[in-house]
Each structure stands twice: as C-alpha cells, then as structure tokens.
Amino acid sequence: MENLEPILAAHPFCQGLAPRLIHEVAACASRLNFTDGQFLCRAGEEATRFYLILQGRVSVEIFSARRGPITMQTIGEGGMLGWLWVNRESYHWPADTRAAGLTRALSLEVNCLREKCEANHDLGYEILKRYADSLAVRFRVYSLQLTDMFQD
Amino acid sequence: MLPEIFQIQRVRRETADTFTLDLARPGEASDFAFAPGQFNMLYAFGLGEVPISISGDPAHPQSLIHTVRNVGNVTRAMCRARPGARLGVRGPFGVPWPVAEMAGQDVVIVAGGLGLAPLRPAIYHLLGHRPDYGNFELIYGARTPADLLYRQELQDWRGRFDLRVHVSVDTAPTDWRGSVGVVTTVIPRARFDPANTTALVCGPQLMMRYTVIELLNRGLAPAQIFVSMERHMKCGLGLCGHCQWGPFFVCKDGPVFRYDVVKDWFERREV
C-alpha cells in the first residue's frame, strides 16, 4: 500500500502537523484521480469524504433552473473541498463539484477522521485549528464575492 | 491648456460597455510621448471632457490608445464614435508607475475590471525590458468572463514563459475554464520574494483595499505597493480642486501613489 504520509505532509492543510498525527490522518486517506468533467460529489449526496487537492482544479457549481449551472468557486492545488463535516454527524454536499481537467486529490474518510479526532484530542485540536482558519478565509472571500467589488 | 485635435483611427469593442479607441493626429504621423500610468483629458466636442488612462504601449507612441467605459453622456458619445471622428486631447497628466525604479525586482501587478487599462502600458514596458526585472506575476480579476478586457492579449501573455498570468472571475458559466473566486484569493499563490518586490494595483477602491491587505499579509511593506486612484478630475493641472483627496490632488500628485504615502487617507470615509 502506498505511503501517503509525505504527500499529506506537503499539503498546506497538514503543514506543521506532527509526524505522529500525519500518520493517523494517513490511515483515513486514499489517493484519487479525476478526469476532466468527472464529478467529485453531487448536491444532496451524503458527504462521506473530503478532499485535499494535489494537482489540477475543481469547480464548485450550483444549478439554477433559469441560468443553468453556475461556477461559484474553483479550488486548485493546495486547496481543500468539503471541510464542513467536522462537527456534523451527517452532512450533505450543498453543491456539485467536478474536475476541470485532470485532477489528483487525496480523499479523507470523514467518519474515520472524526473517530480519530475524538480519540486523540491533540489531533482534534490541530484539525479544528485548520478548520477555523479555513472558515475565516472562506467568510472573507464570500463576503467580498457578495459585495461585488466591481460595482464600485 | 487647449485640447489638441485627434482623429479616431479604430474602435475595438472590449466588453458590452467598454471600447478601445486608437487616436492619431489627423494628417500627420507624430509621436505622443507618455509614461505608463498617465492619463489624458479626452474632450467630446459639445459634451464635455473626461479623464481616461492611456492604455497603449509607451514604446509605440505613434498611436494613442484609450480604453473607455460607457458610463455617462461624454463616454457614451466616445463609445459610439466611428473612425474618422475627432476628439480633443489634453495631456499626458499625472504621476506614472515607477517602472524604472522597479528594475531588478520581482513585480506583481494586480488589476480589477477596467483597472487593467492603466496597467497595460506598464505591462508592455516590463515585457519590452524583461531581462531588467525578476519574477513577473500578473493577477487580473473581473466580475464575469464577459467583463474581461484584452482577452486575446491575455491569451498571448499566458503563452509566455517569462510571465505568470492569473485570471479569476467572481462567477462564471460552466464553460469557463479558468479560476473562479475573488481576485484577492490568487495573491497567496503568486510567486515573488517579498523582500524584493514591487506591487502595482489598480481597480475599484474596494478591490484595491483588500488586495493591499493580502499583499501586506504576504510580507510586502507599504512602501513596496503602488495604487492608482480615481477621482473626479477636471483641469488635470491641480488648479481646480475637483480631485482633491485630503492633502493630494489626484490629477497632479497621482493618479499613482505609493501606498505608505496615502494609507492614512485610503480608508477615510469623509474624503
């Protein structure tokens, strides 16, 4: 079985994580490739994984009956997708996400990681720190997007 | 200062409401020297005068190029004008981008919407003197793909190996193959040495404010960031006071300012 620890350690989400914690996260990880246009998730499906993007880019899309599919955001190398599961027992994807070109990602099993976070609060704290940071960045980005900076 | 008569040579549609006008002196081929970042006052006869940045190549001053957005009576008339029509030109005015002082450094250019127009002469200059500069990152954001200026040129620049071009739009239809997200999200990915970089920023003021925050987060000092301001300019000479911004006249002391010089005024609501 491929050792994913070096790949995890190199991803911005895991940067600064102690090797013993990387080891625990790696137990929940697998490597996936997506071809152009292939869906990583569909709106409404249960979110059982989240993804760390290693290479390529994914598009997060919502569907409007009047306007058709609209890309709200793209996530590229070093980004992550599906981080909202952290303190939810059951979470459903709010939007479609598909690969825009060949995309390589690490997939992390949500239940597996949650169990490890519960069992090892050091890991839980590290993951939550990253979650909070990511949340703060997303809030800032979305508020700017809603403000429409170009209306100025 | 009286306007000089120029003739429209060519009109190119950039977006639904934005056009690029190529101007030349009628009947003679002569240069119009300017520095990247400067602007002219363009006069539509009988309607009025507006400040428009020069968006052409300073190394090819035979053609005077302006990109104009149709936002009022004067600009509407300019956007509807056809080749052969005449406009009055006064200028060039204002403080330019510090392209000579940036030699030897990495350069980050961040443009939002129509803000790419006043930066384009600086881009031409940098590409024309490429060995004089370090890494060159061009970051351009717009509301949608349909709002992007100079699409063919962006495509050409993307093909170069000595320049990294990042284009991001706020929302897009699914056939858009580029990045989607506000332009500030690109800055953390840009490659430059913060200790030896100059950033040039132009766009709506809100976009510039958050761009500056991201650049400061990346380790740039306020003195390494230059912003191009927009105010209601009338005389272009610092006499009439229409464009006064705190202690500055944007037409004369700007439009390009070093951020540390203006940062106390950047956020003030009452100016």
Side-chain angles (χ1 to χ4, degrees), chain A residues 11-13 15 35-40 42-43 53-81 95-103 133-152, chain B residues 15-18 69 71 110-116 140-149 164 166-191 201-214 217 227-231:
Chain A
H11 193 278
F13 181 72
Q15 260 168 23
T35 54
D36 185 25
Q38 189 179 351
F39 282 91
L40 283 75
R42 304 295 296 251
I53 309 300
L54 301 174
Q55 198 184 355
R57 183 189 290 161
V58 298
S59 301
V60 181
E61 300 168 3
I62 50 169
F63 186 84
S64 149
R66 194 170 58 84
R67 295 162 65 192
I70 302 157
T71 304
M72 297 187 296
Q73 181 195 6
T74 52
I75 301 170
E77 194 178 313
M80 56 177 178
L81 169 73
D96 296 334
T97 302
R98 58 176 150 180
L102 177 66
T103 302
D133 185 52
S134 159
L135 208 57
V137 170
R138 296 289 168 99
F139 272 139
R140 203 166 62 228
V141 166
Y142 288 147
S143 57
L144 283 178
Q145 216 161 356
L146 287 170
T147 307
D148 188 0
M149 296 191 291
F150 299 107
Q151 196 92 54
D152 225 4
Chain B
T15 70
D17 62 356
T18 307
R69 176 165 288 166
V71 288
V110 189
L114 194 57
L116 186 58
Y140 180 37
R143 186 186 289 135
T144 70
D147 297 310
L148 293 168
L149 298 182
R164 290 212 321 152
H166 312 260
V167 178
S168 193
V169 295
D170 285 3
T171 54
T174 49
D175 59 356
W176 166 249
R177 305 296 291 175
S179 172
V180 178
V182 288
V183 65
T184 53
T185 59
V186 180
I187 295 169
R189 300 202 303 269
R191 293 179 194 155
V201 184
C202 187
Q205 198 160 341
L206 205 51
M207 168 260 164
M208 289 203 289
R209 191 199 306 171
Y210 286 95
T211 296
V212 166
I213 291 171
E214 288 296 335
N217 286 342
V227 293
S228 181
M229 300 302 297
E230 197 181 10
R231 283 293 183 275

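The analysis underlying the following values was restricted to heavy atoms, covering all of them including side chains, and did not include hydrogens, waters or symmetry mates.
For the pair A/Thr74 and B/Val180, the tightest heavy-atom approach, listed with the atom from each and the gap, is OG1-N, 2.6 Å. Looking at every heavy atom in both residues, B/Thr184 comes nearest to A/Leu144 through OG1-CD1, 3.8 Å. Shown here for A/Met149 and B/Pro204, the closest heavy-atom pair between the two residues is O-CB, 3.2 Å.
With a 4.5 Å cut-off on non-hydrogen atoms, A/Asp96 does not touch chain B at all.
Remark: B/Thr144 OG1 to A/Ile70 CD1 distance equals 12.0 Å, nearest 0.5 Å. The distance from the OG1 atom of B/Thr185 to the CZ atom of A/Arg138 is 10.0 Å, given to the nearest 0.5 Å.
Between B/Asp147 and A/Phe150 there is no side-chain heavy-atom pair separated by less than 4.5 Å. Counting heavy atoms from C-beta on, the side chains of A/Arg98 and B/Thr174 come closer than 4.5 Å. When side chains are defined from C-beta on, B/Thr171 does not count as touching A/Thr71, because their heavy atoms never get closer than 4.5 Å. Looking at heavy atoms from C-beta onward, B/Arg143 lies out of side-chain contact with A/Gln145 at the 4.5 angstrom threshold.
At a heavy-atom separation below 4.5 angstrom, chain B is approached by A/Arg57, A/Glu61 within residues 55-64 of chain A.
Enclosure of atom CD in B/Glu230 is not indicated, since only 12 or fewer non-hydrogen atoms of other residues, nucleotides or ligands lie within 6.0 angstrom.
For the set B/Gly113, B/Pro173, B/Ser179, the count of heavy-atom pairs under 4.5 angstrom toward chain A peaks at B/Ser179.
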